[in-house]
Amino acid sequence: MQSKIKTKAMIKESNTEEKIKNAARKLFQQKGYAGTRTRDIAEAAGINLALLNYYFRSKERLFHLIMEGSLKDLFASIQSIMNDPTSSLSEKIDDIVNFYIDLLLTNANIPLFVLSEIQNQPEVMFSQIGLPKQFLSQTILFKQVKEQIKLIGKEGINPLHFLINILSMTIFPFIAKPLIKRVVQINDEDFKLFIEERRFLLPQLIKAMLQLNN
């Protein structure tokens, strides 16, 4: 009987923590650290302020947990794709574009939130997820791009240009979504269709630059 009571209490505690983190994630990504109050998080989670402080002690601690998760979503999670020894360069390009589009269709606020905080304290942010300073240039993907550039006789071109193109061309439309919707006069459903078109077109554009379609 006691074990059942303990199990229920643990489930309730876990659910409460998740409610707080979900509320905090939404508010931090919308308003940033400075613009979010602990009272706002408590209200959004449907709990009182004392309970929030019991679970997480401070806004700073809660913010670092949310930022760590966002950084892992945006950067660390992609490392397994970039360092897969079994996939070709062409397959990696497809996988990266699909990964980011799937991620950002469900959480479009991540890039702007992460980039704005990285501007403020880059070393602190990256130390949280353990990314080495030169992690892109150390990946199998980077080496494959470098080999392909050499193969097509473009040795003078830095492979970083192609990697940044893949990332920026995939992520930027989500950062610029309000502007795109306003300028082109489209709704959310049209924007989603536009992104699905890019899911197909972007890998083709990157591969054309690297002459992988021949």
**Request:** Determine whether Phe56 and Leu65 make a side-chain contact, defined as any pair of heavy atoms from C-beta on separated by less than 4.5 Å.
**Result:** yes
**Prompt:** Leu89 versus Leu141: any side-chain heavy-atom pair under 4.5 Å?
**Reply:** yes
**Between CD on residue Glu43 and CG on residue Leu49, distance to nearest 0.5 Å** = 9.0 Å
**Message:** Distance alone, cut at 3.5 Å: any donor-acceptor contact between the side chains of Lys92 and Ser87?
**Reply:** yes
**Request:** Apply the test side chain to side chain contact (heavy atoms under 4.5 Å, CB included) to residues Glu196 and Leu193: give CA-CA distance (whole Å), side-chain angles for both, the deciding distance (0.1 Å), then the verdict.
**Result:** CA-CA 5 Å; Glu196 290 301 331; Leu193 290 173; 5.6 Å; no
**Message:** So, using ring-ring contact (aromatic ring centres under 6.0 Å, His included) as the criterion, who are the partners of Phe28 when residues are at least two apart?
**Reply:** Phe63
**Asked** With no hydrogens and no angle check, is any side-chain donor or acceptor of Asn48 less than 3.5 Å from a backbone partner on Leu51?
**Response** yes
**Separation of Asn15 CG from Lys19 NZ (nearest 0.5 Å)** = 8.0 Å
**Fill in**
Rounded to the nearest 0.5 angstrom, the CD-CD distance for Gln138 and Gln79 is 9.5 Å
**Prompt:** Does Phe191 belong to the same Ile/Leu/Val/Met/Phe/Trp/Tyr cluster as Val184, with side-chain heavy atoms less than 4.5 Å apart forming each link?
**Reply:** yes
**Asked** Would a 4.5 Å heavy-atom cut-off, applied to side chains only, mark Lys31 and Asp40 as touching?
**Response** yes
**Same apolar cluster: Ile206 and Leu201, side chain cutoff 4.5 Å** = no
**Request:** Starting at CG of Leu151, measure out to NZ of Lys146 and round the result to the nearest 0.5 Å.
**Result:** 14.5 Å
**Request:** Please examine the side chains of Arg25 and Asn22, heavy atoms only from C-beta on, and report whether any two atoms are closer than 4.5 Å.
**Result:** yes
**Request:** Could you tell me whether the side chain of Asp84 and the main chain of Ser80 form a donor-acceptor pair under 3.5 Å?
**Result:** no
**Point-to-point distance, once rounded to the nearest 0.5 Å, from CG of Asn53 to OG1 of Thr38** = 6.0 Å
**Request:** Could you go through the side chain to side chain contact (heavy atoms under 4.5 Å, CB included) check for Lys181 and Asp188 one step at a time?
**Result:** CA-CA 8 Å; Lys181 288 176 62 179; Asp188 285 335; 2.6 Å; yes
**Prompt:** How close do Ala23 and Ala44 get, heavy atom to heavy atom, and via which atoms?
**Reply:** CB-CB, 3.8 Å
**Request:** Quick one: closest heavy-atom pair of Ile66 and Ala24, and the distance?
**Result:** CG1-CB, 4.2 Å
**Prompt:** Is there side-chain contact between Ile149 and Phe162, with heavy atoms separated by less than 4.5 Å?
**Reply:** yes
**Item:** Residues, nucleotides or ligands: over 12 heavy atoms within 6.0 Å of Arg61 CZ
**Value:** yes
**Message:** Test your reading of the model: is there a side-chain donor-acceptor pair from Gln29 to the backbone of Asn109, 3.5 Å cut-off?
**Reply:** no
**Request:** Tell me, with the steps shown, if Lys21 and Glu18 meet salt bridge (Lys or Arg N to Asp or Glu O under 4.0 Å).
**Result:** CA-CA 5 Å; Lys21 286 195 287 187; Glu18 281 305 308; 3.3 Å; yes
Side chains of residues 167-178: which donor-acceptor pairs under 3.5 Å do they make with residues two or more places apart or in other chains?
residue, atom, partner, partner atom, Å
Ser168, OG, Ile164, O, 2.7
Thr170, OG1, Ile166, O, 2.6

**Complete:** The reported gap from CD in Glu17 to OH in Tyr55 (rounded to nearest 0.5 angstrom) is 6.0 Å
**Message:** Give me the atom names and distance for the closest heavy-atom approach of Met209 to Ile152.
**Reply:** O-CD1, 4.2 Å
Contacts under 3.5 angstrom, residues 93-108 side chains, donor-acceptor by atom type, not counting sequence neighbours:
residue, atom, partner, partner atom, Å
Asp94, OD1, Lys207, NZ, 2.9
Asp94, OD2, Lys207, NZ, 3.1
Asn98, OD1, Arg199, NH1, 3.1
Asn98, ND2, Asp94, O, 3.1
Tyr100, OH, Leu74, O, 2.3
Asp102, OD1, Arg199, NH1, 3.1
Asp102, OD1, Arg199, NH2, 2.9
Thr106, OG1, Leu103, O, 2.8

